[in-house]
Amino acid sequence: MNARKVYMDYNATTPLHPEVKESMRRGFELYANPSSMHEFGRTVRNQLELVRQRIAEFIGAGPEEIIYTGGGSESNNTVLKMLTCALCGGAELSPGRAEIITSAIEHPSIIQTAQHLVSMGNTIHFVKVDRNGKVDMNHFLELISERTALVSIMYANNEIGTIQDIQSLAEIAHRYGALFHTDAVQAVGKIPVDVERLGADYLSFSAHKFYGPKGIGVLYARKGKPYYPFIHGGHQEGGRRAGTMNSLGIIGMGSAVELIKAEMQEIEERLLRLKQRLRSGITERIPDITINGHPEDSLANTLNVSFHGAEGEAVLLYMDLQGIALSTGSACSSGSLEPSHVLLATGVGPELAHGSIRFSMGRETTEDEVDYVLEVLPAVIKNVRKMSTVYSGECK
Ligand SMILES: Cc1ncc(COP(=O)(O)O)c(C=O)c1O
């Protein structure tokens, strides 16, 4: 085992900020059910409502527009299902409009929910993206119509970091009378997010992507816009999301919001410099590579690189042996490799998509860590390329 440890998988999740940890430690004392009417309960409830206020301010919303959920996946499921599923009341929410438009590069919590909804008889269109992962506006304009109930486009992509022009997309959706949702899970905490400026009717985000706890997130739902609960069984969140409130998670998320609000700009400026160092270091040291994602409209922390002729999973495992945690878009399951749907959608061929690695950095990443990656990576790629020519791309 290697003594040196470098975590470069911040888009998968982030470590808790030390002060978030502290706030949660204190939060353990607030054990009463926040829905209870006694003083114990009221004390907790007051805390959670203060956090709601803080979160609302952070994204330019009103507190009544913030719904606590179990994270990004739940928020995304809620929006897509409520506007399509006739059994869930969706048909009444958008009379005469039954179609959804989403993109081909969304997170599985959107793509697979959409596929499920198609299997239930709904019509969902997947808008194409260009080579840099930007929504193809011409295709979007071809798909949108008076039948569109909802447009759901992610703000920033988790694999390649591309940032969409949400403002324009929402504006077009509204011109056609459709509602607009954005999965902002990879955006909140990395770039400024303001629901008014964006014009979003719904917006999802998740605390564990910005140094908060896992299993807690938010669905922003604009006041006056249709809403139907995904989880029934209680009056929590004004009847919009049943279940005893996750007090500890909410306290942690509140603290994470407060901290990231103060630190975001400094972190992002530093990460942009680190990304430039990593990108030019890789380009100088390793031949036959392709950088994926938009050259400018991209998250400062995310770099996605295809190494021609190298198997991504093998690179990942060799880097892991050197103590470096990275990620690949491919999923190695049941002995077969599924190339990343995101890269395929941008026009990267399956072979190149298999050889792609995501480097995602965060507030604790240092220049020294980037240099360590640059020191280790060239030899790993060389070895894996050599191996790949011997064992042609099997995953066991
Ligand atoms: C873009 C995007 N959307 C949604 C999710 C799901 O969020 P959660 O893990 O909170 O369910 C993720 C997590 O990886 C993500 O990157």
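For ligands, and for the atoms within them, numbers begin at 1 and follow the listed sequence. Any value given below was found using the heavy atoms of this structure, including those in side chains, with hydrogens, waters and symmetry copies removed.
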key: Of all pairs that satisfy ring pair (Phe, Tyr, Trp, His ring centres under 6.0 Å), the ones with a partner from residues 7-59, not counting sequence neighbours   =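 As it turns out, the ring pair (Phe, Tyr, Trp, His ring centres under 6.0 Å) pairs with a partner in residues 7-59, which skip direct neighbours, are Tyr7-Tyr10, His38-Phe40.
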Below 3.5 Å, can you tabulate the donor-acceptor pairs from side chains in residues 211-220 to any protein atom, sequence neighbours excluded?
| unit_1 | atom_1 | unit_2 | atom_2 | d |
| --- | --- | --- | --- | --- |
| Tyr211 | OH | Arg363 | N | 2.9 |
| Lys214 | NZ | Thr13 | OG1 | 2.9 |
| Tyr220 | OH | Arg222 | NE | 3.4 |

ask   = Contact residues of ligand 1 with a heavy-atom cut-off of under 4.0 Å?
value =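 Only Gly71, Gly72, Ser73, Asn76, His107, Ser109, Met154, Asn158, Asp183, Val185, Gln186, Ser206, His208, Lys209 have heavy atoms that fall under 4.0 Å of ligand 1, ordered by chain and number.
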task = Tell me yes or no: between the side chains of Thr162 and Asp297, is some donor less than 3.5 Å from an acceptor?
result =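 Not at all, the side chains of Thr162 and Asp297 share no donor-acceptor pair under 3.5 Å.
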request  = For the pair Asn132 (side chain) and His294 (backbone), establish whether a donor and an acceptor sit closer than 3.5 Å, ignoring hydrogens and angles.
outcome  =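 Not at all, since once roles are kept as given, no pair shorter than 3.5 Å links the two residues.
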ask   = Can you check whether Pro229's main-chain N or O pairs, donor with acceptor, with Lys81's side chain at less than 3.5 Å?
value =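 A pair under 3.5 Å: no.
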query = When clusters are formed from ILVMFWY side-chain contacts under 4.5 Å, directly or step by step, what else is grouped with Phe230?
reply =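 Under the 4.5 Å side-chain rule, Phe230 groups with Ile231.
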